[in-house]
Amino acid sequence: YREGLIYKDKRLVNWDPQLETAISDLEVEQRETAGSLWYFKYPVEGEEGRTLTVATTRPETMLGDTAVAVHPEDDRYADLIGKHCILPLVGRRIVIVADEYADPEQGSGAVKITPAHDFNDFEVGRRHGLEMINIFDTRACINDAAPEAYRGLDRFEARDRVVAEMQALGLLERVEEHDHTVPYGDRGGVPVEPYLTDQWFADAKTLAAPAIKAVEDGRTRFFPENWTKTYFEWMRNIQPWCISRQLWWGHQIPAWYGPDGEVFVELSEEDAVAAAAAHYGKKTALTRDEDVLDTWFSSGLWPFSTLGWPEETPELARYYPTDVLVTGFDIIFFWVARMMMMGLHFMDEVPFHTVYVHALVRDEQGQKMSKSKGNVIDPLELIDAYGADALRFTLSSLAAPGRDVRLAESRVESSRNFATKLWNAARFCQLNGCVPDADFDPAAVQATVNRWVVSETARCGREVTQKIEGLRFNEASQLLYQFIYGTFCGWYLESAKPLLDGNDPAIGAETRATAGWALDQVLLMLHPFMPFVTEELWQSLAADRASDLVRAAWPVHPDGLLDEEAEREMSWVVRLVSGIRSVQAEMNIPHAARVPVVLIGLGDEAAAWFERQRSLIMWLARLGDASVGEAVPPGSVQMVHDEATVALPIADVIDIDQEMQRLNKEKAKRVAEIDKSKKKLSNQGFLAKAPAAVVETQRERMAEEERAVVKLEEALARLASIG
RNA sequence: GGGCGCGUAGCUCAGCGGGAGAGCACCGCCUUCACACGGCGGGGGUCACAGGUUCAAUCCCUGUCGCGCCCACCA
């Protein structure tokens, strides 16, 4: 106030006649409404029989008309400018003015002017020094400024009465159907009225300037970035902000009035009394302004007022500015913009460096959920059915930046299943003594599967960290889902089973410790996404934790934990096992058959891998035996695995036709790939302009496919010789 | 009237310049000693349409069609 940023003014404000208070522009909601456009004839003074036609969507406001405006260059009305009409029903003499606001294309080209009840008319009224007649009371009923017959009528009753009377007088020219937008109060739920009252205003334009600059300079950034544009758009066109409300709750405005209306704005009543005494030269009784501040004005102070400001508290020093503000786009104007303005003004520093604008959860039809529409999905019901972790995980995995989400219950169910999966995996670990060991060093493990899971865990951890830091929460949760479900549960725990009770106690112990470590890493990483189940498991897996999981440090995975050798070896095993399983399923070979597998033509490296992982492969693919051979045994189902041929000899059980069909299908697929590659590699433009690495990849790919096709042809030939 | 965004597998959605992915649903097999809220395997997509840029387009540009949202004083 003392800086001139807050002032009292008599202006048109948006008035909610239901709540009987002023509201801000932002609290007004435009609703598409099917209405009418009434054409009224206003008799011209002194010209018998001549009338001027005006069109209006709000007949009742004519009771407050103080002019008619026409465009200065509108020839139809040029001779009327400066003359007067006699306002029907009221009898007031109103002037005909020339003003560019009147649009010759609209309605009749002449427009009635009601300065006290329309924002445009208010401006016209100011330009022409027109009288401003307020015809409504605070409930939007007609007041004593109108003819007696209308007093006390509700605005809609008054509308009907005006139309009926005009018609009776023969002054209603015609009525057109007219769709237009009507302003409604978003809380009161009834049409708002432009209303002339004394209110407090904030000079938003001045406050906005530094807030605009801060975002231009990148001191505060929006994520996703496109909201920056929305912010600028609003801030650069900002209007004076009406900050007083005629409500019972909120910060009461610290303004006191003397008997003559003099205003004393002070921090306390004592100060106001003192100021008044000084002003009047004697002690004078004051009355305090009854209005309170707009809730968003108070909320705009939140980043520092909650921390003890204006005292320089340790909290203020520590938490102002904060770093990331998380909010919905619908709050950017209401709150984010105001916090920026207030923060920069009072603290001279932005309140936060990043605004993360999250998605809005919509209902199944894609509608924004709202209490008034009654389409709110109650999170408590979903939590009852699937758990809080499941809901939280679902929302985080659907939170793709810049996109709203339609909440599909099936995703919540899937998340619940995921939580159950984790729970069971942890139970398995516990039952097998796979618990955290304080002395465990993940960099020192020996067995390939253990080295591999350490490496994969570290890789996952680094990627998840990166995604979280980049605010890509959906990608982080997806990585975790895949790692935990696929890598950890699907491959690692299955591979660990034979080692836990195997004949090498040292490997068994190492595996137990590795699994315990990996599970801990999983809990640490998943905790932000599923806080409850991870915390429960964290505490139940070990009694002597240094801290609760919620307070545990975020895991760091150094380069040293990455092990490309182990990853390559296990990737080979995984692909081999998947291939064998696929063939088994397709050829209807039951696991119970425990068929053997023979690998032919292994390279040196693969031969070493096979040697080491032979029993693991047998275990994972449920095989009776696995061996290296020189030739494909007769009666084998065959598949290509890199440079090798893999044979499952099932002798007399084999269905030659079915097998040939399967191999031919596989071959056709690969031949199609080769054709595509050939086409690319014969394209001179591609060879000349594509990066060398891309060309090389293409060559390798083709070579690999060609090798596979050769193998497949050999396999087909062998079958043909049997058949 | 301005601005933003979306149309990818039946459904809900990721991906956004170098051979299309997930969850659910669907089909087949499996009561294998953590888990049937499970396991293994599989089918399914001219990435809305039309042009353009590029050696290369689901991805970039332009336009069209459809859908949604925000802002705005049209009587």
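Chain identifiers are assigned alphabetically (A, B, ...) following the order of the sequence lines, protein sequences preceding nucleic acid strands; residue numbering begins at 1 within each chain.
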_Any residue in residues 411-424 of chain A with a heavy atom nearer than 4.0 angstrom to RNA chain B? Just list them by number, or reply none._
A:Arg411, A:Ser414, A:Arg416, A:Asn417, A:Thr420, A:Lys421, A:Asn424

_Categorize A:Gly486 for me: base, sugar-phosphate, or nothing, with a 4.0 angstrom heavy-atom threshold over every strand shown._
nothing

*With a 4.0 Å cut-off on heavy atoms, is A:Tyr485 in touch with a base, just the backbone sugar-phosphate, or nothing at all?*
sugar-phosphate

*Would you mind classifying the nucleic acid contact of A:Cys489 as base, sugar-phosphate or nothing, using non-hydrogen atoms under 4.0 angstrom?*
base

_Can you list everything that forms a salt bridge (charged side-chain N to carboxylate O under 4.0 Å, His left out) with A:Asp74? Sequence neighbours excluded, please._
A:Arg76

*asked:* Under 3.5 Å, is there any donor-acceptor pair linking the side chain of A:Glu494 to the base of B:A34?
replied: yes

*Looking just at side-chain N and O atoms, do A:Tyr184 and A:Gln30 make a donor-acceptor pair shorter than 3.5 Å?*
no

*If you look at every strand shown and take non-hydrogen atoms under 4.0 Å, does A:Gln430 touch a base, only sugar-phosphate, or nothing?*
nothing

*Secondary structure of RNA chain B in dot-bracket form (Watson-Crick or G-U wobble, distances below 3.5 Å, | marking inter-strand pairs)*: ((((((((.[[[[.)..(..]]]].(((((.......))))).....[[[[[..)....]]]]])))))))....

*What nucleic acid atoms does A:Asn683 come within less than 4.0 Å of, heavy atoms only: base, sugar-phosphate, or nothing?*
sugar-phosphate

*asked:* By the 4.0 Å heavy-atom rule, please label A:Asn226 as base, sugar-phosphate, or nothing.
replied: sugar-phosphate

*Tell me what A:Ala688 touches on the nucleic acid: a base, only sugar-phosphate, or nothing, going by heavy atoms under 4.0 Å.*
nothing

